[in-house]
Visitor: 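Have a look at the structure that comes next, please.
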Amino acid sequence: MELAYKKQNCTQLSEEYIGKEAVLAGWAATIRDLGGIIFVEVRDRSGLFQVVADPKINPQVYETFQKLKSEYVIQVKGKVSKRPDDTINEKLLTGSIEMYPDEIKILSSSKTLPFVLEDETVSEDIRLKYRYLDLRCERMLNNLTLRHKIVTSVRNYLNSLDFLEVETPILIKTTPEGARDYLVPSRVHDGKFYALPQSPQVFKQLLMVGGIEKYYQIAKCFRDEDLRADRQPEFTQIDIEMSFVEQDDIIKMTEGLVKEAFKAAGVEIQPPFKRISWQEAMDRFGSDKPDTRFGLELFDVTDIMENSTFEAFKGVISKGGTVRAIKIPNIAHYSRKDMDDVRNLAIKFGAKGLAWVTYMQDGTVKSPVFKFLNEEQIEEIQKRAQAEKGDIVFFVADMPKVVYDVLGRFRLYFGEKLNLIDKSKHDLLWVVDFPLFEYSAEDDRFVSVHHPFTMPAYEDLDKLETDKGHVKSIAYDIVYNGCELGGGSIRIHDAAIQQRAFKALGLTEEDIKEKFEFLVQAFEYGTPPHGGLAIGLDRLVALLTRSESIRDVIAFPKNSQAKDLMSDAPGVASEQQLRELHLRLRNQPKVN
RNA sequence: GGGGGCGUAGCUCAGAUUGGUUAGAGCGCAUGCCUGUCACGCAUGAGGUCGCGGGUUCGAUCCCCGUCGUCCCCGCCA
């Protein structure tokens with residue numbers, strides 16, 4: 001596309017252009033002034049192109065070149081020429097050609113940059129403060145380019161399947177459950193607030209009631225919770241909902257989508273992906289997002305320990321607890337200090353203690369717990385662990401949730417530490433059959449694992465009243481290399497089942513009316529069976545670009561304290577603004 | 001809310017085993033020289049509230065306390 005200021009992109013030029021006129025515009029990336037000749041690399045989004053000024057060839061151009069400084073914006077016009085054979089730069093896409101411009105214009109000058117572009121060691125806070133400069137670096141350009149390609153491939157894929165992209169509101173009513181809402185005060189309605197959506201959940205279900213049948217949206221979502229490397233206060237989901245579907249339909253559709261998204265990143269993957277039940281994931285990997293690129297699977301020794309004389313374990317078991325173990329290979333040489341560190345790690349992860357068996361290289365076996373076990377039990381442990389010389393088996397006894405969590409984290413810790421993870425793998429799988437409810441000790445009641453509209457497994461419907469803790473749901477997560485990429489569920493479309501689900505959650509009629517009235521009401525007017533899922537776009541792109549943080553795939557992210565270091569948001573509001581919003585501050589904001 | 005790391009030149013860092021007279025390096029920047037560089041080379045030079053405040057001390061970049069900034073983790077969050 002020819003523009004007023006440029007007719008070609010830098011890397012569009014090739015040897016085919018030799019002798020032809022070109023007009024480039026971009027930034028002076030590097031300037032090499034050799035005294036009698038000046039080389040400048042022009043950079044635009046496409047890449048680099050070298051232009052040369054020689055006083056004997058064009059004194060006027062040479063004079064302007066002498067004025068150039070780093071990151072000046074320039075335009076050059078002239079004929080593309082071949083470089084002398086011995087000056088070809090193999091590292092540059094356009095390294096065999098160059099231009100002695102007939103004309104150069106300085107379109108804009110630049111101050112000295114606060115940091116050297118492409119210097120990977122520059123700290124992130126400096127780069128975030130001058131994000132517009134960081135964006136000039138190849139890394140950010142590549143990340144944003146890949147993000148765009150992935151979004152494009154997703155849109156193309158869903159469009160080809162007859163989906164409609166529909167926007168849902170950003171100013172909505174606050175929702176009682178889930179994450180903390182961002183609130184927006186209403187000027188028109190004194191004392192009332194909008195919330196920003198944590199996800200378009202309610203609206204996408206209403207779109208199904210509205211007959212849209214197949215909906216998607218590249219949706220901005222907002223959660224006012226503390227940040228992490230993979231969590232931003234505003235983030236983007238590929239949000240999808242479909243009518244007249246069961247779980248398999250969603251899974252199949254998503255597998256195609258993920259395949260296309262990976263293809264856009266140059267990675268070929270072949271659906272269908274493995275499916276593993278939530279229970280199996282917890283039993284084998286201690287996680288609902290298992291990284292199955294390596295072994296170190298957990299195993300159950302509750303039955304053995306139950307018949308031991310180890311009162312600590314027996315006490316846990318009699319209270320409904322479990323004893324599980326993990327075998328870590330080739331660490332029997334660990335010193336006492338190493339073992340203390342491991343024990344402290346277990347405690348940090350939530351264990352009350354740690355027991356172990358060491359299978360020494362000399363064939364002896366050492367364990368602080370063996371005095372509580374008979375020979376048969378000791379043998380059975382070795383058999384289940386398939387322990388060999390050099391291994392250590394660790395035991396954790398507690399309520400299942402704690403045991404899974406501690407051993408699951410142990411597994412990841414040692415997998416990383418012992419370098420057991422094949423980083424070249426693209427391991428995709430589905431975790432299915434999640435429990436519908438989870439007991440919350442904090443609230444002393446059962447709460448939704450997914451959300452209150454998740455369909456219970458058909459075979460578990462009669463347990464809704466009798467055995468809440470064991471009701472499975474039709475919910476599914478997609479997991480990539482041990483990271484949750486997305487998840488979703490089939491929703492309840494039957495008013496009677498929805499009432500039973502609400503009841504199981506301990507919600508009263510008033511609660512339901514207050515919290516979900518318009519949704520429940522909508523469902524009374526003919527609701528198609530429906531379900532969907534959402535995929536975290538930022539995480540997906542971060543994983544595919546091997547970025548350490550999702551900040552690296554967002555053009556203008558917040559820092560770990562939810563501040564925008566560039567614009568210094570959030571800022572203070574004026575007294576006038578506060579008055580219009582009917583607000584008074586409890587504390588004066590800190591001014592730095 | 002809690003735990004940990006870091007904070008010295010524009011950027012990235014060093015600054016000792018023990019607190020001491022003039023706080024260094026590379027990159028960048030400036031000036032000069034240099035006609036085929038592409039990490040151009042060579043020379044010269046400028047550039048510092050050692051994050052901030054307080055304390056200990058004859059004396060603090062260094063030790064102590066507080067505070068601010070930033071990153072990571074737990075809690076929180078799908």
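To find a chain, count down the sequence lines: A is the first, B the second, and so on, and within it residues start at 1.
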Visitor: State, yes or no, whether a side-chain contact exists between A/R139 and A/D134 at a heavy-atom distance under 4.5 Å.
Guide: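 Counting from C-beta outward, A/R139 and A/D134 do come under 4.5 Å.
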Visitor: Is there side-chain contact between A/Y194 and A/I170, with heavy atoms separated by less than 4.5 Å?
Guide: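 Side-chain contact under 4.5 Å: no.
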Visitor: Is a donor-acceptor contact shorter than 3.5 angstrom present between the side chain of A/E124 and the base of B/U70?
Guide: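 No.
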Visitor: Among B/C38, B/C40, B/C72, find the nucleotide with the atom closest to the side chain of A/L34.
Guide: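 In terms of side-chain proximity for A/L34, the closest of B/C38, B/C40, B/C72 is B/C40.
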Visitor: Send over the distance from A/L48 CG to B/U37 C1', rounded to a whole Å.
Guide: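 That distance rounds to 14 Å.
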Visitor: Contact class for A/L565 (heavy atom, under 4.0 Å): base, sugar-phosphate, or nothing?
Guide: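 Here A/L565 touches the backbone only, sparing every base.
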Visitor: For A/F394, run the ring-ring contact (aromatic ring centres under 6.0 Å, His included) check against A/F410, A/Y413, A/F349 and tell me which one passes.
Guide: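 Testing each of A/F410, A/Y413, A/F349 against A/F394, the sole residue satisfying ring-ring contact (aromatic ring centres under 6.0 Å, His included) is A/F410.
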Visitor: Can you give one letter per nucleotide of nucleotides 2-8 of chain B, going 5' to 3': B for a protein heavy atom under 4.0 Å from the base, S for sugar-phosphate only, - for none?
Guide: -------
Visitor: Between A/R409 and A/D405, is the closest basic N to carboxylate O distance under 4.0 Å?
Guide: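 Yes.
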Visitor: Give a yes or no on whether a salt bridge exists between A/D102 and A/K79, defined as a side-chain N under 4.0 angstrom from a carboxylate O.
Guide: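 Between A/K79 and A/D102 there is no salt bridge, as every charged N stays at least 4.0 Å from the carboxylate O atoms.
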Visitor: Partner of B/U57 by Watson-Crick or G-U wobble geometry, both contacts under 3.5 Å, or none?
Guide: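 Matched B/U57 with nothing under the 3.5 Å cut-off.
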Visitor: Verify the contact: side-chain N or O of A/K111 to OP1 or OP2 of B/G10, cut-off strictly under 4.0 Å; return yes or no.
Guide: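 It does not, given that no N or O in the side chain of A/K111 lies less than 4.0 Å from OP1 or OP2 of B/G10.
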Visitor: Less than 4.0 angstrom from a charged side-chain N to a carboxylate O is my criterion; do A/R551 and A/E124 meet it?
Guide: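 Yes.
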Visitor: May I ask which nucleotide in the shown strands pairs with B/A43, Watson-Crick or G-U wobble, both distances under 3.5 Å?
Guide: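 By the stated definition (distances under 3.5 Å), B/U31 pairs with B/A43.
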Visitor: Which base sits across from B/C62 as a Watson-Crick or G-U pair, both distances under 3.5 Å?
Guide: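 Its partner: none found.
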Visitor: With nearest nucleotides of RNA chain B determined for A/V122 and A/K69 from heavy-atom distances, which residue corresponds to the more 5′ nucleotide?
Guide: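 So the residue in question is A/V122.
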Visitor: Please state how far atom CD in A/E71 lies from atom P in B/G10, giving the value in whole angstrom units.
Guide: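 That distance rounds to 20 Å.
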Visitor: Under 4.0 Å, heavy atoms only, any strand: does A/Q201 hit a base, just the sugar-phosphate, or nothing?
Guide: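 The answer is nothing, as A/Q201 stays clear of every strand by at least 4.0 Å.
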Visitor: If we take the C1' atom in both B/C65 and B/A9, what is their distance in whole Å?
Guide: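 B/C65 and B/A9 have their C1' atoms separated by 29 Å.
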Visitor: For B/C38, what is the paired nucleotide under Watson-Crick or G-U wobble rules, both distances under 3.5 Å?
Guide: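 B/C38 is paired with nothing.
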Visitor: A/P114 near the nucleic acid: base, sugar-phosphate alone, or nothing, with a heavy-atom cut-off under 4.0 Å?
Guide: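 Sugar-phosphate: the residue A/P114, judged by heavy atoms under 4.0 Å, touches backbone atoms but no base.
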Visitor: Pairing donors with acceptors under 3.5 angstrom, does anything connect the side chains of A/D181 and A/Q198?
Guide: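 A pair is found: one side chain offers a donor N or O, the other an acceptor, under 3.5 Å apart.
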Visitor: Would the base of B/C34 count as contacting A/R32 through its side chain, where contact means a donor and an acceptor less than 3.5 Å apart?
Guide: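 When only heavy-atom distances are counted, A/R32 does not reach the base of B/C34 through any donor-acceptor pair under 3.5 Å.
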Visitor: Pick the P atom in B/U8 and in B/G1, then give their distance to the nearest Å.
Guide: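 It works out to 27 Å between them.
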Visitor: Roughly how far apart, to the nearest Å, are B/C58 and B/G19 at atom P?
Guide: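 So the two P atoms sit 15 Å from each other.
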Visitor: A/Y130 has an atom OH; how far is it from atom P of B/C11, in whole Å?
Guide: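 Nearest whole value for this atom pair: 8 Å.
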Visitor: In this structure, how many angstroms lie between the C1' atom of B/C72 and the CD atom of A/E416, rounded?
Guide: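 Going from CD in A/E416 over to C1' in B/C72 covers 15 Å.
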Visitor: Going by purine N1 to pyrimidine N3 plus the second Watson-Crick contact, or the G-U wobble pair, all under 3.5 Å, which nucleotide sits opposite B/G19?
Guide: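 Partner of B/G19: none found under 3.5 Å.
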Visitor: Whether A/K558 and A/E234 form a salt bridge (side-chain N of Lys/Arg under 4.0 Å from carboxylate O of Asp/Glu) is what I want to check.
Guide: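 Salt bridge: yes.
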Visitor: Between atom OH in A/Y62 and atom C1' in B/U37, what is the gap in whole Å?
Guide: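 Atom-to-atom, A/Y62 to B/U37, this comes out as 13 Å.
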Visitor: Considering only atom P, compute the distance from B/C62 to B/G51 and round it to an integer number of Å.
Guide: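 Taking atom P in both B/C62 and B/G51, they lie 8 Å apart.
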Visitor: Tell me, please, which residues at least two apart from A/K67 pass side-chain hydrogen bond (donor to acceptor under 3.5 Å, both in side chains).
Guide: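 Testing A/K67 for side-chain hydrogen bond (donor to acceptor under 3.5 Å, both in side chains), a comparison that skips the adjacent residues, returns none.
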Visitor: For the residue pair A/Y480 and A/F262, is the inter-centroid distance of their aromatic rings smaller than 6.0 Å?
Guide: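 Centroid distance A/Y480-A/F262: below 6.0 Å, so yes.
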Visitor: Can you tell me, in whole Å, how much space there is between the C1' of B/C34 and that of B/G41?
Guide: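 To the nearest whole Å, 8 Å.
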Visitor: I'd like the P distance from B/C64 over to B/U17, given in whole Å.
Guide: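 Per the computed distance, 16 Å lies between those P atoms.
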Visitor: Between B/C38 atom C1' and A/D33 atom CG, what is the distance in whole Å?
Guide: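 Going from A/D33 (CG) to B/C38 (C1'), I get 14 Å.
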Visitor: Counting the atoms with a prime plus P, OP1 and OP2 as sugar-phosphate, which does A/I126 contact under 4.0 Å by heavy atoms, base, sugar-phosphate, or nothing?
Guide: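 Here A/I126 touches the backbone only, sparing every base.
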Visitor: I'd like to know if A/R445 pairs up with A/E438 as an ion pair, taking the criterion as any Lys NZ or Arg NE/NH1/NH2 lying under 4.0 Å from an Asp or Glu carboxylate oxygen.
Guide: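 Salt bridge flag = no for A/E438 with A/R445.
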Visitor: When you check every protein heavy atom under 4.0 Å of nucleotides 73-78 of chain B, what one-letter string (B, S, -) results, 5' to 3'?
Guide: SBBBBB
Visitor: With C1' as the reference atom in both, quote the distance from B/G2 to B/A46 in angstrom, rounded to an integer.
Guide: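 It comes out at 46 Å once rounded to the nearest Å.
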Visitor: On RNA chain B, nearest-nucleotide positions of A/I88 versus A/R551: which is more 5'?
Guide: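 Its nucleotide being nearer the 5' end, the pick is A/I88.
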Visitor: So, A/F453 versus A/F516, ring centres under 6.0 angstrom or not?
Guide: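 When the ring centroids of A/F453 and A/F516 are compared, they turn out to be within the sub-6.0 Å range.
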Visitor: Quick one: A/F39 CZ to B/G41 C1', roughly how many Å, whole number?
Guide: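 Whole-Å distance recorded here is 13 Å.
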Visitor: How many whole angstroms separate atom CZ of A/R127 from atom C1' of B/G10?
Guide: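 The answer, rounded to whole Å, is 16 Å.
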Visitor: Using a heavy-atom cut-off of 4.0 Å across all strands, would you classify A/D86 as base, sugar-phosphate, or nothing?
Guide: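 The residue A/D86 makes no contact with any strand.
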Visitor: With both distances under 3.5 angstrom, what nucleotide forms a Watson-Crick or G-U wobble pair with B/C50?
Guide: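 Looking at the geometry, B/C50 pairs with no nucleotide.
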Visitor: Which listed nucleotide (B/C71, B/U37, B/C38) is nearest to the side chain of A/E98?
Guide: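 Selected nucleotide: B/U37.
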Visitor: Please confirm whether the shortest side-chain N or O distance from A/N89 to OP1 or OP2 of B/U37 is below 4.0 Å.
Guide: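 No, no such contact exists.
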Visitor: Look through every strand shown and name the nucleotide pairing with B/A25 as Watson-Crick or G-U wobble, where both distances are under 3.5 Å.
Guide: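 Looking at the geometry, B/A25 pairs with B/U12.
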Visitor: Roughly how many Å apart are B/U37 and B/C42, using the C1' atom of each and rounding to a whole number?
Guide: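 The answer is 15 Å between these two C1' atoms.
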Visitor: Now, which nucleotide makes the Watson-Crick or G-U wobble pair with B/C6, with each of the two distances under 3.5 Å?
Guide: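 Pairing partner, where one exists within any strand: B/G69.
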Visitor: When you compare the ring of A/F115 with the six-membered ring of B/C11's base, are the centres less than 5.5 Å apart and the planes under 30° from each other?
Guide: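 Not stacked by the 5.5 Å and 30° rule.
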Visitor: When you measure from the side-chain N and O atoms of A/T112 to the phosphate of B/G28, is any distance below 4.0 Å, counting only OP1 and OP2?
Guide: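 It does not, given that no N or O in the side chain of A/T112 lies less than 4.0 Å from OP1 or OP2 of B/G28.
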Visitor: Categorize A/T87 for me: base, sugar-phosphate, or nothing, with a 4.0 angstrom heavy-atom threshold over every strand shown.
Guide: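 Answer is base: heavy atoms of A/T87 come under 4.0 Å of a base.
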Visitor: Is there a side-chain contact between A/S123 and the phosphate of B/U12, meaning an N or O under 4.0 Å from OP1 or OP2?
Guide: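 It does, given that an N or O in the side chain of A/S123 lies less than 4.0 Å from OP1 or OP2 of B/U12.
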Visitor: Between A/D230 and A/R539, is the closest basic N to carboxylate O distance under 4.0 Å?
Guide: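 The answer is yes: the pair qualifies as a salt bridge.
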Visitor: Would you mind checking if A/R231 and A/D226 are paired as a salt bridge, meaning a charged N to carboxylate O distance below 4.0 Å?
Guide: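 No, A/D226 and A/R231 are not salt-bridged.
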